[in-house]
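Written out below as C-alpha cells is the structure these notes cover.
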Amino acid sequence: MRDPRADFPILGEPVHGRRLVYLDSAATTQKPRQVIEAVADYYRRLNANVHRGAYDLAVRATEAYEDARAAVAAFVGAPDPRGVVFVRGTTEALNLAASSLGRLKVRAGDGIVVTAMEHHSNLIPWQLLAQERAARLEMVELTPQGELDVDGYRRALERRPKIVAFTHVSNVLGTINPVAELARLAHEAGAVVVVDGAQAVPHLAVNVAELGADLYAFSGHKMLGPMGVGVLVGTPELLDAMPPYHGGGEMIRTVQDTTATYAPIPHKFEAGTPNVAGAVGLKAAIAYLGALGMAEVAAHERALTGYARERLAAIEGLRLYGPEERAGVVSFTLADIHPHDLATIVDSEGVAIRAGHHCAQPLMRRLDVPATARASFYVYNTREDVDALAGALEKARALFGYARA
Amino acid sequence: MRDPRADFPILGEPVHGRRLVYLDSAATTQKPRQVIEAVADYYRRLNANVHRGAYDLAVRATEAYEDARAAVAAFVGAPDPRGVVFVRGTTEALNLAASSLGRLKVRAGDGIVVTAMEHHSNLIPWQLLAQERAARLEMVELTPQGELDVDGYRRALERRPKIVAFTHVSNVLGTINPVAELARLAHEAGAVVVVDGAQAVPHLAVNVAELGADLYAFSGHKMLGPMGVGVLVGTPELLDAMPPYHGGGEMIRTVQDTTATYAPIPHKFEAGTPNVAGAVGLKAAIAYLGALGMAEVAAHERALTGYARERLAAIEGLRLYGPEERAGVVSFTLADIHPHDLATIVDSEGVAIRAGHHCAQPLMRRLDVPATARASFYVYNTREDVDALAGALEKARALFGYARA
Amino acid sequence: MPEAEGDGLAELYQELILDHYRRPRNQGSLEAHTSRVALANPTCGDELELDLLLEGGTIRDVRFSGHGCSISQASASMMTQLIKGKTLDEARRLAARFSEMMRGSADAAHDRALGEARALAGVARFPVRVKCALLGWSALEESTRDHP
Amino acid sequence: MPEAEGDGLAELYQELILDHYRRPRNQGSLEAHTSRVALANPTCGDELELDLLLEGGTIRDVRFSGHGCSISQASASMMTQLIKGKTLDEARRLAARFSEMMRGSADAAHDRALGEARALAGVARFPVRVKCALLGWSALEESTRDHP
Ligand SMILES: Cc1ncc(COP(=O)(O)O)c(C=O)c1O
Ligand SMILES: Cc1ncc(COP(=O)(O)O)c(C=O)c1O
C-alpha cells in the first residue's frame with residue numbers, strides 16, 4: 001500500500017509538543033484532505049437541497065447525492081442503489097432497523113438474538129424493542145478465545161427467533177465473525193439478519209450480497225468520511241416491506257390531514273433534509289480507499305496488528321484480549337495500572353489510545369475487567385507508531401513503580 | 001446590515017452562464033467561507049470522537065462540541081445548555097419529540113393538535129404516533145388570510161389534548177404565529193407545546209424561554225450552518241422525564257445483558273457518534289449571524305420581502321399567498337403557468353426558486369392549488385435579486401404567450 | 001422539428017406543447033374502463049389518473065385527468081393520441097421509444113411513430129423535467145403490467 | 001507540595017496517590033449505614049459505592065468500594081479519611097474546597113484542611129481526569145443531599 005500519511009493534515013499537528021500517534025481509529029478516523037476538500041467544495045460550488053428543486057443547482061446537488069449512493073452500493077456490493085439508505089451513522093441505522101423491523105415482525109413472546117460482543121448500539125435498540133413488545137432477548141455467549149460460540153448460536157436459533165443481530169467485527173477484540181455462515185443458519189431458522197458493519201467496512205472488502213445480510217449498517221466517520229453520515233444497506237424486498245421510520249418531508253407520496261402514503265425506497269427512510277455534503281464526502285472517502293485498494297488496506301492492518309501484538313506481548317505484565325486472527329484492534333491491560341491511567345500517560349507522549357468499556361459493557365463483564373486499553377490501526381499508521389505506543393507503555397510502568405523488564 | 005455577499009463563494013459560481021440569484025433559502029441556505037472553513041479546520045486540527053477519550057485530541061474535540069452546545073443555548077435563549085440536544089435537523093428533532101413524548105404522554109383516545117400550515121415534518125410524526133396509539137389527531141384551520149384561526153385553536157384546546165404542535169413561521173406563507181400566546185393557552189389546557197422553529201431561528205431573534213415552548217426544533221443548514229446538524233431545545237425538566245429515543249453508545253449509564261440505565265440529558269438523547277464537525281460549523285454560523293445582528297437580519301429580510309411583494313404584485317396575472325405581515329418567504333402563482341414551469345424558466349436566467357407543495361400538502365389543499373412557486377430571502381439577497389426574479393417572470397409570461405403588461 | 005438552441009426554453013414551451021397543455025386531448029374519465037391508475041410525482045405534486053378500455057389486447061379507448069405542469073399534461077395528452085386504437089405491444093414499443101428520446105436519443109426523436117410527442121424531445125435537456133414527461137407513460141406501464 | 005513541572009505526570013502519579021490507589025483507606029461496606037449511594041462514570045466505567053453512617057449530623061463512619069483508575073480510587077480513599085468524624089457542614093465545606101482545587105485554585109491547593117487530598121491538585125491540569133477525582137465527592141454530595 002502506498003504511504004498515505006501526507007494526505008492527513010492532522011498528523012502534522014503536534015500534541016504536547018510531540019508527533020501525534022493516532023491509535024483510535026476504531027472510534028473515529030482522521031480525514032485525508034481529499035475528503036475535507038470534497039465537503040468544502042460541495043458547499044462552495046453546488047450546495048442546494050435535493051430532490052425538490054427544478055433549478056440547476058438543485059439538480060446538481062441531487063446528482064451528487066445520488067452518485068454518492070451509487071458509489072456506496074458499489075463499494076459494499078449492494079446490487080441495487082435503492083437498497084442504500086443514508087442515515088447519521090451505525091447507531092441510527094440500527095435504531096431504524098430495530099424500530100421498523102420490530103413493527104413488521106415482532107410480537108409478544110417472539111425472540112430476538114444478539115451476541116455478548118455487541119457494541120451498545122447493536123444491543124440497546126433491541127433491548128428497548130424487546131421491552132416495548134414483551135419479546136424475548138437472548139444473548140449468545142463467546143468462547144474463551146473471544147469468538148462467537150457457534151454451538152450456542154445454533155441453540156438460540158432452535159427457538160426460531162424473528163431477528164438475529166450481530167457484529168461483523170468486534171470493536172474490542174477484533175474478532176471477525178463468519179457472517180455468511182451465521183446468516184445462512186439464521187435464514188434457515190426463518191430469522192431476519194441484521195449486521196453491524198461499523199468495524200468491517202472500513203477495514204475489509206465487504207460484499208453484502210455474498211454475506212447474505214438482510215440489513216447491514218456502517219458509519220462514514222470510521223472510514224475516512226465526514227461525521228454525520230452513515231448507511232443502512234438492505235435488500236430492496238425487505239426495505240419495501242418495512243414500515244417507515246421518521247415521518248417528514250421527502251418520504252411521502254401524498255399527505256392527507258391525518259394519513260399519508262409513502263415514497264418508494266430508499267426515500268421512504270430518508271425523511272427531512274439529508275446530509276448531502278456528508279454523502280459527497282463519503283463518496284470521496286470511498287474513492288480514496290478504492291485507490292489504496294481494500295485488499296492492501298486489510299493487509300497493511302494485518303501486518304501492523306501482528307507487529308503490535310508481538311511488541312506488546314513483550315511488555316511485562318501486559319495482557320492481550322481476543323483471538324489471534326483479527327482485525328486491526330488490540331485491547332489490553334497492563335499490570336494494575338488502570339486503562340484510564342494508561343491513556344493519560346501515553347497521551348503525554350503524543351499517543352492517542354482509548355480506555356474504557358468501549359460501549360461493550362456485557363463483553364467487559366465476560367472478560368471480567370471493568371475496562372481495557374485499546375489501540376486501533378488504520379491506513380496512516382506505521383510500525384513507528386507501534387514502537388511509540390510500546391515506549392509509552394514502558395513509561396507508564398516506570399511511573400507506577402515497575403522496574404524495566 | 002453590512003453586505004455579506006463576498007463571504008459566500010457559491011454566489012460567484014455562474015449558472016447557465018449567469019449570476020446565481022439564489023432565492024431558495026427556506027429550503028437550505030448557502031454557506032459563508034467562515035462556516036466552510038470551520039468545518040475543514042475541525043478536521044484538519046482537532047478531529048476525534050467525543051466524550052470517551054482520555055487523550056488530548058478527544059478532550060479538545062469534546063470541548064469544541066460542548067462549546068457549540070453552549071453557543072446554541074445562548075443564541076436561542078435556552079437558560080441551560082443541558083436542554084440543547086444535537087440531532088440531524090428539524091425532522092429528526094420532531095420525530096424524537098413525537099416518539100418520546102408519545103410514550104410519556106399519549107394513551108388511546110388522547111388528543112394531539114396540529115395546524116393546517118404544518119410542514120410534513122411536523123405532521124407525519126404526529127400522524128404515525130396517533131395511529132400507533134389510537135390517539136385523536138386534530139388539525140386547526142387557517143383564516144382566509146393564511147393566519148392561524150385562534151378561535152379554532154381555543155376550541156381544540158377545550159378537549160384538553162396532551163400535545164400541541166405548531167410551526168413558528170410557515171415555510172409557505174411566511175405567517176409568523178404568536179407562539180407565546182399559543183403556548184400560554186396550551187399550557188392552561190395542560191398540553192405540552194412543541195414548536196417547529198425551522199423557519200424562525202434563521203430569520204428572527206428567538207428566545208425559547210420567553211416563548212414558553214416546551215420543545216423547540218430547528219435545522220443548522222437553514223441558518224448558514226452545515227447539513228446534518230440540527231437542534232431540539234427543551235426544558236431540562238421535560239427532557240429529564242422523557243424516555244430515551246435512540247439506543248446506543250454515549251447515552252447509557254450502565255448496560256446489563258437485557259436492560260440498561262441511561263445517562264443524564266442531553267446525552268440520553270444523543271446515542272452514537274454525533275456530528276461534531278456539524279456542531280462546530282453551526283457554532284461558526286451562529287457567530288456569523290451574531291456579528292451581522294439578528295435584528296438587522298430580520299430588518300433586511302422585511303425590507304426585501306416588502307419590495308418583492310410590491311414588484312411581484314405588479315406582474316399581471318400574478319397572485320400572492322399569505323398575510324401582509326410575514327417572514328421572508330413569498331409564495332405565488334402566475335396565470336395558468338404551472339409553478340414547475342415557472343421554476344424551469346426563471347432558472348434559465350440564473351434565478352433559483354422552488355416550485356411544488358413545499359412539503360405542506362394539507363395547506364395546498366386549503367389554498368386550493370396543487371403547487372405554488374416560492375421565493376425566499378436571506379442575508380445575501382438584494383433588491384437586484386428581486387428585480388432579476390421579476391424580469392424572469394416576465395419572460396415566463398412571454399413564453400406562455402402573454403403580452404407584456 | 002425545431003432544433004434546440006439558446007437556452008432550449010423556446011423549444012420546451014413551443015406552441016404545440018402549450019396547446020396540448022391548455023386543451024388536453026382525451027381528457028376526462030371512462031365510465032367503462034378495464035383499468036384505472038392514479039400516479040403522483042411527489043417532487044412537484046403532479047397528479048394523473050389514466051383510464052384504459054382494453055379489448056382483446058387492443059386499447060379501445062383512453063382518458064386521463066389530473067393536474068400538473070405543461071410538460072406532464074401535454075405529454076399525457078400526446079400519449080393518449082398515440083396509443084388509442086393500438087395493441088398493447090405497439091403501445092409498449094412506443095413507450096420504450098419515448099423513454100429513449102427522454103434519454104437524449106436523436107434517433108428516437110426523429111421516429112415518426114412518436115407523432116406529435118416528438119415535440120417533447122427538448123425535455124431531455126432538462127433532467128428534472130424528464131420525470132414530468134414520463135408521468136403519463138408510467139401510468140400506462142402500470143395499467144398494463146399484468147397483461148401478457 | 002511538589003510544584004507542577006514537565007508533563008505533570010510525575011505529580012499526577014506521585015507515591016502518595018499510588019499508595020492510596022493500591023491500599024485504599026476505609027475500603028469495604030458498612031453493615032450499619034444510614035445511606036448507600038452507587039455512582040458510575042459512564043465515560044470510563046469507573047464505579048463507586050459509598051456507605052455513610054450519620055449520627056446527629058456527624059459522619060460517624062464511612063466506607064467505599066468499587067473500581068476505577070488511580071485518581072478516582074485515591075481521591076475517594078483520601079476523602080473518606082477527611083470526612084470521617086466531621087459534621088455534614090464541615091464535609092460540605094471540604095467538598096466545595098476540593099472542587100475549587102479541581103478548577104485550578106492555588107489557594108485551595110494550599111488549604112491544610114484538605115490534608116492528603118492536596119496531593120491531587122495536579123489533576124486540575126488533566127481536564128478529563130477531574131471527573132475521576134470528583135467521583136467520590138459526588139457520591140458524598142448525593143448521600144447528603146436530603147439532609148439539612
Ligand atoms: C461495532 C460498532 N458498532 C457501532 C458503533 C457505533 O457507531 P456510530 O457511533 O458511528 O453510530 C461503533 C463505533 O462506535 C462500533 O465500533
Ligand atoms: C417549517 C419547516 N419545518 C421543518 C422542515 C424540515 O427541516 P429539515 O429538512 O432540515 O429536517 C422545514 C424545511 O424543510 C421547514 O421549512
Side-chain angles (χ1 to χ4, degrees), chain A residues 14-18 24 27 119-121 124 171-172 317 331 333-374 391-403, chain D residues 2 4-24 27 38-49 64-78 102 119-136 138:
Chain A
V15 171
H16 304 304
R18 290 167 193 266
D24 195 21
H119 187 281
H120 294 159
S121 291
I124 317 260
N171 66 313
V172 177
S331 279
T333 51
L334 178 47
D336 75 342
I337 314 177
H338 192 279
H340 216 195
D341 292 312
L342 280 181
T344 297
I345 295 167
V346 303
D347 179 46
S348 70
E349 304 284 307
V351 180
I353 63 169
R354 189 146 296 254
H357 52 62
H358 314 295
C359 298
Q361 290 190 357
L363 176 57
M364 291 295 123
R365 276 196 299 281
R366 281 152 180 92
L367 299 178
D368 200 23
V369 290
T372 70
R374 181 186 75 183
L393 291 173
E394 290 291 0
K395 173 174 172 185
R397 278 175 45 83
L399 274 164
F400 269 69
Y402 295 101
Chain D
E5 43 149 283
D7 54 20
L9 281 175
E11 188 192 352
L12 194 62
Y13 295 111
Q14 58 189 276
E15 226 159 272
L16 183 62
I17 292 176
L18 293 183
D19 184 62
H20 273 270
Y21 172 51
R22 289 178 169 145
R23 301 189 305 111
Q27 202 182 25
L39 273 193
N41 180 342
T43 316
C44 54
D46 285 7
E47 288 178 12
L48 192 139
E49 196 170 272
F64 83 102
S65 60
H67 51 78
C69 65
S70 62
I71 308 301
S72 74
Q73 299 302 297
S75 179
S77 168
M78 291 165 170
M102 287 300 104
L120 291 162
V123 177
R125 291 177 62 191
F126 297 84
V128 248
R129 307 310 298 279
V130 166
K131 270 191 293 187
C132 308
L134 289 174
L135 188 61
S138 302

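Residue numbering restarts at 1 for every chain, and letters A, B, ... go by the order of the sequence lines. What you see below is based on every heavy atom in this structure, not just the backbone, and it leaves out hydrogens, waters and symmetry mates.
- Considering all non-hydrogen atoms of both residues, A:Leu399 and D:Ala10 come closest at CD2-CA, 4.1 Å.
- Taking both residues in full, the closest heavy atoms of A:His340 and D:Arg129 are given as O-NH1, 3.3 Å, listed atom of the first, atom of the second, then distance.
- Interface remark: D:Phe126 contributes side-chain atoms only to the contact with chain A (heavy atom separation under 4.5 Å).
- Ring geometry for A:Phe400 against D:Tyr13 counts as tilted: the plane angle lies between 30° and 60°, on a 0 to 90° scale.
- Of the candidates A:Asp341, A:Thr344, A:Asp347, A:Thr344 is the only one forming a side-chain contact (heavy atoms from CB on, under 4.5 Å) with D:Leu9.
- One finds no salt bridge joining D:Asp7 and A:Arg18 here, because no Lys/Arg side-chain nitrogen approaches an Asp/Glu carboxylate oxygen to under 4.0 Å.
- We find the OG-CD1 distance between D:Ser70 and A:Ile345 to be 7.5 Å, quoted to the nearest 0.5 Å.
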